[in-house]
Amino acid sequence: MQPRAVRWEMDLADATLIARMRLLLAISVLLAVLIDPPGGDRAQQATWLVLAGYVAHSGVVYAATLARHPVTDSRLVPWLDICWYALIVLFSGGIGSYFFLFFPAILTTSFRWGFEEGARITIASAVLFALCHVPYELRTDLSRMLLRLTFLLVFGYLSARWGESQLELKRRLILLRNVSKLSNPRFGAEQTLRTTLLQTAEFFHARRCICVLPDHTEDGYELLTLSRRYGSCDFSSETVDAQAIAPLLAPHASHVLACERLPHPRWPWKAATAAYDSGQEKWVRPDSQEGPDLTELLEAESLISAPFTLRNREGRLFVVAGQRHLGKHDALFLLQVNEQAFPVIDNIDLLTRMASDAAQQERKKISLDIHDTTLQPYIGLKLGLNALRNKAAPDNALFSDISKLVDMTTCVIDDLRHYARIVRTAVPSEPMLRTALQQQISQIHAFYGIDIALEMDDLPGMNDRFNAEVVQLVREGLYNICKHSRARHGGVTLRRAGDHIEIEIVNEGGGAGFTDFSPSSLTERAAALGGLTRVSEGSDGSTVVLIEIPI
């Protein structure tokens, strides 16, 4: 999606051009009537009054557009335009007026809001133009009225169709641009795939999107389903073998399908199917059972399907119709979406596997370094503290403090050994996100006496690599509270807000005033994930650190 400032400048340029042309047409009509005024004094007075009102209306709309007033985006403005021009036609000769061509709202509305709004404006313009014939002789120039009325309807229909085509083309370009963006590889290929399915379903107003993905095994497949119902989206994933998934892979590998279930039950076939051979780049005769089997299996009135290549194997994407009928042009565009999106997903998957393979040997080396350079000194420190505690009598004032240091050292040694095991394995066995955070909060409370409240929304689709990054960010934020504040209470909140994850770390003021600062470590970690960090003061004087990570 374009940045908001860029989109606003583009919309402002178009709106300014339309407002300027409206004002120019109003002045042109005024000059035309000045050169060739209508007959009769009363007719001239009424005409001048209408023209003066329309020039004033155009000037006000132009000024509001330059001032970026939101009223200029309202659909009321085109309706006011056709009412003004109906009055101009009425007082300048009725259906014989050559100002009937000056119905600009038909064109501007069609290209701005599409076919439906353009059709409404066209019908309203035709009705108002026909009503301009009422004050005159009904039999006078009836043929001229019908001819001009037909011209208005044909012009309006073509404008509405072309306007809808332009809007559809813009929507397609936006979708192709969005699905071809390289997502953050840290979040894995699955997150990019889910986002692609969601955007595709929203574009086609689909009820379901079903993606048959080749698995990493030789003959296995993963079936990823997106279901949309009442504005909510549900993802489900399951692993199936080649035999179970065979009905969905029955169509020819290179065929793009557009299937429709015919409504009449007595037809000799159950569905009308069109097949496009992407290899030959032409429409071909499909298998007689391809369409009926798929529509019946997926319980679809109409659907489209296109192949893609992932992990050097063939997969297939199905889009089941929801609010709109899906036809041939939709099927061809789905093929373009696949050609843009799945190479990106394949690159992310390949990058993830290359990074894992390249790091496998390095993990072993780092694990040994942790054991030799970090773990051994802590073991020596623990032995020294145990010896010091053994020398102190139980009634010694320092005995309890030394025992606490021994316990903390033991906990650190256990954490280092656990971390060394994680680094040594090829795939990090990170605990569940909520469990890891609660364990960290318990340690903070045991060692520092700080109570931390955890609020966490469900974050479906997040992989272990992302969970590990979140745990590290929260750990760093909590230790900042321990080291740099006197707070006794704090809070951690994780939530999903649109297309990003928010991590909010709060600590109470503790009587000290708010100090604006930038946590360098958190900022660097968030920036590595493509996110940002903001520090602000809470309503109760607390310090709020907000980390936003795009997904």
Side-chain angles (χ1 to χ4, degrees), residues 1-18 73 75 107-119 158-184 189 191-207 209 211 226 228 233 256-258 274 276 278 281 283 302-310 315-348 498-500 530 550-551:
M1 186 175 292
Q2 290 178 328
R4 184 174 181 179
V6 176
R7 295 201 312 274
W8 170 251
E9 291 298 332
M10 294 174 63
D11 293 342
L12 179 63
D14 292 340
T16 303
L17 176 62
I18 294 173
D73 292 331
R75 301 190 182 190
L107 192 61
T108 58
T109 303
S110 300
F111 279 85
R112 190 167 188 179
W113 286 296
F115 178 79
E116 291 186 2
E117 191 68 17
L158 292 177
S159 299
R161 279 298 180 190
W162 289 337
E164 183 70 23
S165 299
Q166 185 193 42
L167 294 179
E168 181 75 6
L169 178 60
K170 289 181 178 180
R171 291 178 63 238
R172 290 188 174 191
L173 290 176
I174 292 174
L175 178 62
L176 290 176
R177 180 186 59 198
N178 290 340
V179 299
S180 61
K181 287 182 178 179
L182 183 63
S183 299
N184 196 327
Q191 178 62 32
T192 305
L193 177 59
R194 288 172 179 260
T195 303
T196 300
L197 291 183
L198 180 60
Q199 293 175 343
T200 303
E202 290 177 348
F203 176 86
F204 289 108
H205 302 284
R207 179 164 52 92
C209 278
C211 188
L226 165 65
R228 300 174 72 235
C233 298
V256 180
L257 299 179
Y276 179 83
S278 56
E281 296 185 353
W283 292 97
S302 68
L303 64 87
I304 55 177
S305 174
F308 60 83
T309 301
L310 185 67
R316 185 165 283 272
L317 178 61
F318 296 87
V319 178
V320 179
Q323 301 177 4
R324 54 175 280 191
H325 172 76
L326 299 177
K328 290 183 177 180
H329 60 287
D330 296 312
L332 292 179
F333 180 62
L334 181 62
L335 178 63
Q336 296 179 14
V337 172
N338 288 354
E339 292 174 349
Q340 290 288 330
F342 282 95
V344 176
I345 297 172
D346 207 1
N347 288 338
I348 295 177
D499 58 350
H500 61 273
I551 56 175

Donor-acceptor check, side chain of N178 to backbone of L175, threshold 3.5 angstrom: yes or no?
no
Using atom types as modelled and distance alone, determine if a side-chain donor or acceptor of N338 lies under 3.5 Å from a backbone N or O of L317.
no
With sequence neighbours excluded, residues passing ring pair (Phe, Tyr, Trp, His ring centres under 6.0 Å) with F318
none
Can you tell me how far the CZ atom of R172 sits from the CD atom of E168, to the nearest 0.5 Å?
5.0 Å
Any salt bridge linking E164 with R161? Criterion: basic side-chain nitrogen under 4.0 Å from a carboxylate oxygen.
no
What is the distance from atom CZ of F333 to atom CG of L169, rounded to the nearest 0.5 Å?
9.0 Å
More than 12 non-hydrogen atoms from neighbouring residues, nucleotides or ligands closer than 6.0 Å to CD on E116, yes or no?
no
Separation between CD1 (I304) and CG (L326), nearest 0.5 Å, reads 5.0 Å
Verdict with reasoning, Y276 to K328, per side chain to side chain contact (heavy atoms under 4.5 Å, CB included):
CA-CA 9 Å; Y276 179 83; K328 290 183 177 180; over 6 Å; no
Which pair of heavy atoms, one from A258 and one from A331, lies closest together, and at what distance?
CB-CB, 4.1 Å
What's the verdict on side chain to side chain contact (heavy atoms under 4.5 Å, CB included) for V319 and F203, showing C-alpha distance, side-chain angles and the deciding distance?
CA-CA 11 Å; V319 178; F203 176 86; over 6 Å; no
Of all heavy-atom pairs between S110 and G118, which one has the smallest distance, and what is that distance?
OG-CA, 3.5 Å
Kindly indicate whether the side chain of L334, heavy atoms from C-beta on, has any atom under 4.5 Å from the side chain of S305.
no
Which pair of non-hydrogen atoms, one from H325 and one from D330, has the smallest distance, and what is that distance?
O-OD2, 3.7 Å
Full working for side chain to side chain contact (heavy atoms under 4.5 Å, CB included) between L193 and F342:
CA-CA 8 Å; L193 177 59; F342 282 95; 3.9 Å; yes
Those residues that, when tested against A201, pass side-chain contact (heavy atoms from CB on, under 4.5 Å) (two or more places apart):
A206, C209, L226, R228
About how many Å separate CZ of F115 and OG of S159, when rounded to the nearest 0.5 Å?
11.0 Å
Step by step, would you call L167 with W113 a side chain to side chain contact (heavy atoms under 4.5 Å, CB included)?
CA-CA 8 Å; L167 294 179; W113 286 296; 5.6 Å; no
CG/L176 to CD/Q199 distance, rounded to the nearest 0.5 angstrom?
10.5 Å
Measure the CZ-CD1 distance between R194 and I345 for me, rounded to the nearest 0.5 Å.
12.0 Å
